[in-house]
There are 2 protein chains.
Amino acid sequence: MAWEHLQSRLLHSFKIFNLIIDKVRNKKTGQELDLVMVSGPDAANVICLTPDGLLVMVRQYRFGTREWTIELPGGLVEKEENIEKACARELLEETGYKAERWQYIGKVPSNPVFMDSYVHHFIAWDASYVQEPQLDEEEVMEVQLVSMDELAAAISSGDVSHPHTLSALMKAKGDFVFNFAKKLD
Amino acid sequence: MAWEHLQSRLLHSFKIFNLIIDKVRNKKTGQELDLVMVSGPDAANVICLTPDGLLVMVRQYRFGTREWTIELPGGLVEKEENIEKACARELLEETGYKAERWQYIGKVPSNPVFMDSYVHHFIAWDASYVQEPQLDEEEVMEVQLVSMDELAAAISSGDVSHPHTLSALMKAKGDFVFNFAKKLD
């Protein structure tokens, strides 16, 4: 590794992340840099399918881009929480759906440039609606059941473009991605 | 839109982004929230192909996850800069490659939850090596020429997992994604 981390200093603590200054040193040249980092919990999302083959997705207002997005359900993993349980909890809270079978399909870094967290991806099958969604105060969202054809069209048009929704689909691997890719324009 | 933005306040300005506090109000309930936002320039990356069908990728050290990644080349778009030119400039600086034909394939939000920026994706063909790479002081990277089979294997194994590399592949659409997906495990 070309760089060694000398020190991490907490600059500010926010609800969803800590802002850290990492001091790093280049092992070859001795050069030192202060780099700002966003440090926070991992997240998880799920390709959640009903017995009819529909995806359970959420349309929600996102404050960063000030736009409505259509995304896979998911959320932050609380400290010490089992990742699959956290994702099942978020699915239930956001959509009211519960899935019977879960498979872990891998993780991606949230943004390796300046974030230390990862987003974990699952597929879950045999989902059914079991209760009213229970949203946090700042969450504005609604459930959308989407066919694979509709999802492919929405990705082609740009209506579905959250990078962690796209990375989940790419991580689904094998027949799933293959059959899905056939539908893309 | 359920929330209106009342005010944005600059908390801190860093080299790669500004930290902003957005005050928002729920139009229905009147509830007000202060939300921390990361505001910065857009970025761009490119699926860059040689005449032999190899992808020009970069292996680089990423400070956020303190790991080496294998990614599509790309970088930040300077203010007022043409996005395709910015991406071609980053490709040349990072890899020494220049591509003859470019196609814009869409954008994704960097992270719509707390970032206001977008990542723009391109495909470029007929790339050739024209000069030595010219790296910024903190950039540690090397060029890797990767076949589509190797890329598919690296995505399946997790060796390639930068979300904006995966989203670019998903945005490539049509025959490209279809032929690529056939190779995934």
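Every heavy atom of this structure was used, including side-chain atoms; hydrogens, water molecules and symmetry mates were not. In what follows, every chain begins at residue 1, and chains take the letters A, B, ... in the order their sequences are listed. All values derive from a computational prediction rather than experimental measurement.
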For this session: Report yes or no: do L33(A) and L6(A) belong to one cluster of Ile/Leu/Val/Met/Phe/Trp/Tyr joined by side chain heavy-atom distances under 4.5 Å?
Result: no
Exercise. Taking NZ, NE, NH1 and NH2 as the nitrogens, is one of them in R25(A) or E32(A) under 4.0 Å from a carboxylate oxygen of the other?
Worked result: yes
Problem set entry | Engaged part of M170(B) at the chain A interface, taking heavy atoms whose separation is under 4.5 Å | both
Exercise. Salt bridge between R89(B) and E93(B), side-chain N to carboxylate O under 4.0 Å?
Worked result: yes
Seminar exercise, completed: Note: vs chain A, highest number of non-hydrogen pairs under 4.5 angstrom among F17(B), F114(B), Y118(B), F63(B) is F63(B)
For this session: Select one option (side chain, backbone, both, neither) describing which atoms of I155(B) are under 4.5 Å from chain A's heavy atoms.
Result: both
Exercise. Can you say whether T29(B) sits under 4.5 Å from chain A via the side chain, the backbone, both, or neither, judging by heavy atoms?
Worked result: neither
Problem set entry | Pair F14(B) + H12(B): ring centers closer than 6.0 Å | yes
Problem set entry | Between V160(B), T165(B), V36(B), the one whose heavy-atom pairs under 4.5 Å with chain A are most numerous | V36(B)
Problem set entry | Residue among T69(B), D34(B), L166(B) with most heavy-atom pairs under 4.5 Å to chain A | L166(B)
Exercise. Given that the side chain runs from C-beta out, which part of S110(A) has a heavy atom under 4.5 Å from chain B: side chain, backbone, both or neither?
Worked result: backbone
For this session: Verify the cluster assignment for L92(A) and V58(A): are they in a single hydrophobic cluster under the rule of side-chain heavy atoms below 4.5 Å apart?
Result: no
Exercise. Which of the residues K171(B), M115(B), K107(B) is involved in the greatest number of heavy-atom pairs with chain A at under 4.5 angstrom?
Worked result: M115(B)
For this session: Look at D22(A) together with R66(B) and state whether they make a salt bridge at an N to O cut-off of under 4.0 Å.
Result: yes
Exercise. What part of L19(B) gets closer than 4.5 Å to chain A, counting heavy atoms only: side chain, backbone, both or neither?
Worked result: side chain
Exercise. Ion pair present between E71(B) and R59(B), side-chain N to carboxylate O less than 4.0 angstrom?
Worked result: no
Exercise. Checking H162(A) side chain against H164(A) main chain: does a donor-acceptor pair fall under 3.5 Å?
Worked result: yes
Problem set entry | Interface moiety of Q60(B) toward chain A, non-hydrogen atoms closer than 4.5 Å | neither
For this session: Measure the shortest side-chain to side-chain distance between V46(A) and I123(A) over non-hydrogen atoms and say whether it is less than 4.5 angstrom.
Result: no
Exercise. Looking at N111(A), L11(A), V113(A), V38(A), which one has more heavy-atom pairs under 4.5 Å with chain B than the rest?
Worked result: V113(A)
For this session: Could you check which of D116(A), N26(A), V119(A), V108(A) has the highest count of heavy-atom pairs closer than 4.5 Å to chain B?
Result: V108(A)
For this session: Below 4.5 Å from any heavy atom of chain A, which atoms of K15(B) appear? Answer side chain, backbone, both or neither.
Result: neither
Exercise. For M37(A), is it the side chain, the backbone, both or neither that has a heavy atom under 4.5 Å from a heavy atom of chain B?
Worked result: side chain
